[in-house]
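As the structure is a computational prediction, the values presented were derived from the model and not from experiment. FYI, the numbering just counts along the sequence from 1.
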Amino acid sequence: MRLTKIYIIGHKQPDTDSICSVIGYAELLNQTGTGTYVPARCGEVNAETQFALATFGAEPPLYIASIEPTVSDMPLDSRSARQDVPTIDVAAMMDTYDMRNVPITDEAGVLLGLVSEYGLARSYVRKNTGEQLSLVPMKLETLARILDGRIVTADRETIGGGRVYTVIDALHVTLSRMTPNDIAIVGDNEPAQLALISAGIAAMIIAEGAPAGERVIKAAEGRGVSMLATTLDAFSVGKMISLSLPAHLIMEKTDLPIVRMEDSLEYAKEIVSTSKFRTACAVGPDGRHIGLVSRTTLMQSVQKSVILLDHNEYSQAVDGIESADILEIVDHHRLGAISTLKPVKFLNEPVGSTSTIITNKFIEADLEPSASTAGLLLSGILSDTMVMKLSTTTPADTKAAGYLAGLTGYDPVAYGTELIGKGMELGSLSPEELLTRDMKRYNLFGKTVMIAQVMVSTFDYSESHANEVLQTLERLRASTGVDCFIALFTNVFANASDLFAAGEDTCLKRLDLQDQPHRLEGVMSRKKDFLPQFGQMFKNA
C-alpha cells in the first residue's frame, strides 16, 4: 500500500543546497504532480541555511528521523466504547463489526481498558450461580431497549442499585425480601402485580408479553413504580439484565498492549504477537485512544514514497530508506550504490548544485517559482558553488543564478558573500560540531570513508587547532566505525584546502599524510577536486 504523501528529502547533515532544493521541488511538483509532496530533511539545519530561510521567510522542511513505516501509516480501526456502555452493546459491536477486542474509554476518549471475547465469556461463565441478580443504575429507556420492551409507566428516569427478583416463590416470601430499591419480574398475574406495587418496589418488569391492565397501571402511577413490558420470558429477562453491566466492570485494565503513532511497524508486530489480546491499542500523547492494530492490519504492505535529492548513496540517505518506495532521484554527484526493485526516474547532471537542476525544471515547465522559493534556490546555487568560485561551477549554474537573481532582486555576489560568511563563523562551535555538520560517507574499494568539509576564510583555525582536530577525528572514526575519517578545511579566498585524516598508520603512510594538516592547492570541491584524486590514491594504498 502506497501512502498519499510523497516525501522529498535530501541527505544526512543537509547543506543549504539540500534544504533549498527539496523546498523548491516540492513547490514545483505540488503544481504539476498528482500527489501531495512534502519537503523533508533528516538532519539539523546549519547556520548558513538558517540565514537563507530567514532571509526569504521560509520554514525548514519537515524533520524525519526515519522513513521506515510507522503505526501512523496504517489504516486503524478507530471504534471504541465508553465505560458506561452496557456490556450487551459491546457484545453487539463485536458481532456487527467482527471485532475480537473493543477498547473502552472515558468521556474524553482516554483508553481505560479492553473488553475481549475471551474476557467477556469468562466474566459470565465464572459468575456465581448463587449470587442474587442485581441491576446497576441505568436509564429506564436503556433497560427497555436491552429488554426489547416498552415503558408502561415511568416514575423515575433512572432505576437500579437494588436486587432483581423473579416472582416464582410464594408471593409473601418474595415480598418479605424486597426493598424499595428492588425490581420484580412477573408474569400474567394481576393480583401479584398489584401486591408488588403496594409493597413499594422500585420497578416491575412484566414478562412473556403479559398484559398490563388499567388497574395495575393506575396503581403503579399512584405508588411511583416504574413498569416495563417485554415479550421475553423471565429467564431471558434475567439473562439480559445480567448483560447490562457497564463495560468498565468487566474490562481488563492491566497488561494492555499499547503502541504510539510514531512506533515502527516492526515494534508494533512484536507487541501484537506477544499480547494475549493479539492486538494493540494505538494512543496519542494524552492517552486518548486512536485505533486498534491487529494482525490483519499488519499483514498489509506499507511503504512511504520518497524522492531523493542531492544524493544517491545509501550511506547518505535517511534511515529506513531500504523499506521505502523510491520514486525518483535528482542529483549532481557521482553515482552511488542505491538500487531499487523497479525502474525509477533518475536525473543526474554534472552541474554545481541540485538547486540549478530544480530551477531548470521550473523553466522547462513554464512556471515561475514563488519569490521565497526563488530566493532559496538562489541560496542553494551560491552555497554549493561558493558564489561561482568552485571548479564544479558550470555555465548552467551561472545562468540559473542570473535568472533567480532577476526574480528576487538580490545581487548574487553581495548576497552570496554574506550567505557563505554565515557558514564560516567557527568561534562558537566545538571541533566535533565543526566536523560533523557537513560530512558524507563513501564506500571506496571495500573501505568506508567519511569526508567532512569545513568552509573557512583563512587557515588560522586549521593551523592553530591542528591537535584538537586530529584528536577529534580519531574519536569520530571510532564512534562511526569507518576505516578512514578525513576533514577538509577549505579556504574560499585562497583556493586551497587543509587536509586532516585519521586512519590506520599504514594507510596514512601510503597516502603521505604523516604531517598534518597537508595543504592541497586548488582543491575546493570535495566532489570534483578531492574525491577523484583521493579515491585513486586510496585504491593504490
Does the side chain of Glu59 reach to within under 4.5 Å of the side chain of Ile23, using non-hydrogen atoms? no
Side chains of Thr70 and Glu262, donor plus acceptor under 3.5 Å: no
Have a look at Ser355 and tell me which of Asp397, Asp17, Thr16 forms a side chain to side chain donor-acceptor pair (under 3.5 Å) with it. Asp17
Kindly say whether Ala496 contributes a backbone atom to a donor-acceptor pair with the side chain of Asn491 at under 3.5 angstrom? no
Is any side-chain heavy atom of Asp438 less than 4.5 Å from a side-chain heavy atom of Asn46? no
Using the rule given for salt bridge (charged side-chain N to carboxylate O under 4.0 Å, His left out), can you reason through Lys304 versus Asp325, listing the C-alpha separation, both sets of side-chain angles and the distance that settles it, and then say yes or no? CA-CA 6 Å; Lys304 286 183 177 176; Asp325 182 18; over 6 Å; no
Validation row: Thr398, Met388 side chains within 4.5 angstrom (heavy atoms): yes
In sequence, state the C-alpha distance, the side-chain angles, and the governing distance for Ile290 and Met261, and then conclude on side-chain contact (heavy atoms from CB on, under 4.5 Å). CA-CA 9 Å; Ile290 297 174; Met261 297 299 283; 3.5 Å; yes
Can you confirm whether the side chains of His332 and Lys527 place a donor and an acceptor under 3.5 Å from each other? yes
Could you walk me through whether Lys440 and Met450 pass side-chain contact (heavy atoms from CB on, under 4.5 Å), step by step? CA-CA 6 Å; Lys440 293 184 179 180; Met450 193 76 80; 5.7 Å; no
Could you go step by step and tell me if Lys12 and Asp319 meet the salt bridge (charged side-chain N to carboxylate O under 4.0 Å, His left out) rule? CA-CA 9 Å; Lys12 294 178 178 178; Asp319 290 345; 2.8 Å; yes
Under 3.5 Å, is there a donor-acceptor pair between the Ser353 and Asp384 side chains? no
Distance from Leu434 atom CG to Tyr461 atom OH, nearest 0.5 Å? 4.5 Å
Tell me whether Thr436 contacts the main-chain N or O of Glu432 through its side chain, where contact means a donor paired with an acceptor under 3.5 Å. yes
Check whether any side-chain N or O of Glu48 sits under 3.5 Å from a backbone N or O of Gly421 as a donor-acceptor pair, and report yes or no. no
Will you find, in the side chains of Gln83 and Thr105, an N or O donor that is under 3.5 Å from an N or O acceptor? no
Do Arg519 and Phe459 form a cation-pi contact, if we require the NZ or CZ to be under 6.0 Å from the six-membered ring centre and within 45 degrees of the ring's axis? yes
If you count every heavy atom of other residues, nucleotides or ligands that lies below 6.0 Å from Lys276 atom NZ, does the total exceed 12? yes
Return the CG to NE2 distance between Leu111 and His289, rounded to the nearest 0.5 Å. 7.0 Å
Could you give the distance from CD (Glu252) to CG (Leu256), rounded to the nearest 0.5 Å? 8.0 Å
Evaluate salt bridge (charged side-chain N to carboxylate O under 4.0 Å, His left out) for Glu364 paired with Lys361, printing each intermediate quantity in order. CA-CA 5 Å; Glu364 291 165 7; Lys361 281 183 169 288; 5.5 Å; no
Polar side-chain atom of Arg278 near backbone of Ser294 as donor-acceptor pair, under 3.5 Å: no
Flag, side chain of Thr373 to backbone of Gly24, donor-acceptor distance under 3.5 Å: no
Any salt bridge between Glu313 and Arg334, counting N to O under 4.0 Å? yes
How about Asn495 and Met524: do any of their side-chain heavy atoms sit closer than 4.5 Å? yes
Within the distance-only criterion (no hydrogens, no angle test), does the side chain of Asp310 pair as donor or acceptor with the backbone N or O of Val330 below 3.5 angstrom? no
With a 4.5 Å cut-off on side-chain heavy atoms, are Asp286 and Val110 touching? no
Aromatic contact between Phe485 and Phe500, with the criterion being ring centroids under 6.0 Å apart: yes or no? no
More than 12 heavy atoms of other residues, nucleotides or ligands under 6.0 Å from CZ of Arg100: yes or no? no
Validation row, ring centre Phe56 to ring centre Tyr415 under 6.0 Å: yes
Between Glu27 and Ser370, is there a side-chain heavy-atom distance shorter than 4.5 Å? yes
Enter the distance from Cys42:SG to Gln316:CD here, rounded to the nearest 0.5 Å. 10.0 Å
For the residue pair Leu407 and Glu368, establish whether any side-chain heavy-atom pair is separated by less than 4.5 Å. yes
Quick one: pull up CE in Met386 and OG in Ser391 and give me the separation to the nearest 0.5 Å. 12.0 Å
Considering only heavy atoms from C-beta outward, does the side chain of Arg437 approach that of Gln13 to under 4.5 Å? no
CA sep, side-chain torsions, deciding dist, call: Asp15, Ser18, side-chain contact (heavy atoms from CB on, under 4.5 Å): CA-CA 5 Å; Asp15 55 14; Ser18 175; 3.2 Å; yes
Nearest-0.5 Å distance that lies between atom OH in Tyr37 and atom CD1 in Ile6: 4.0 Å
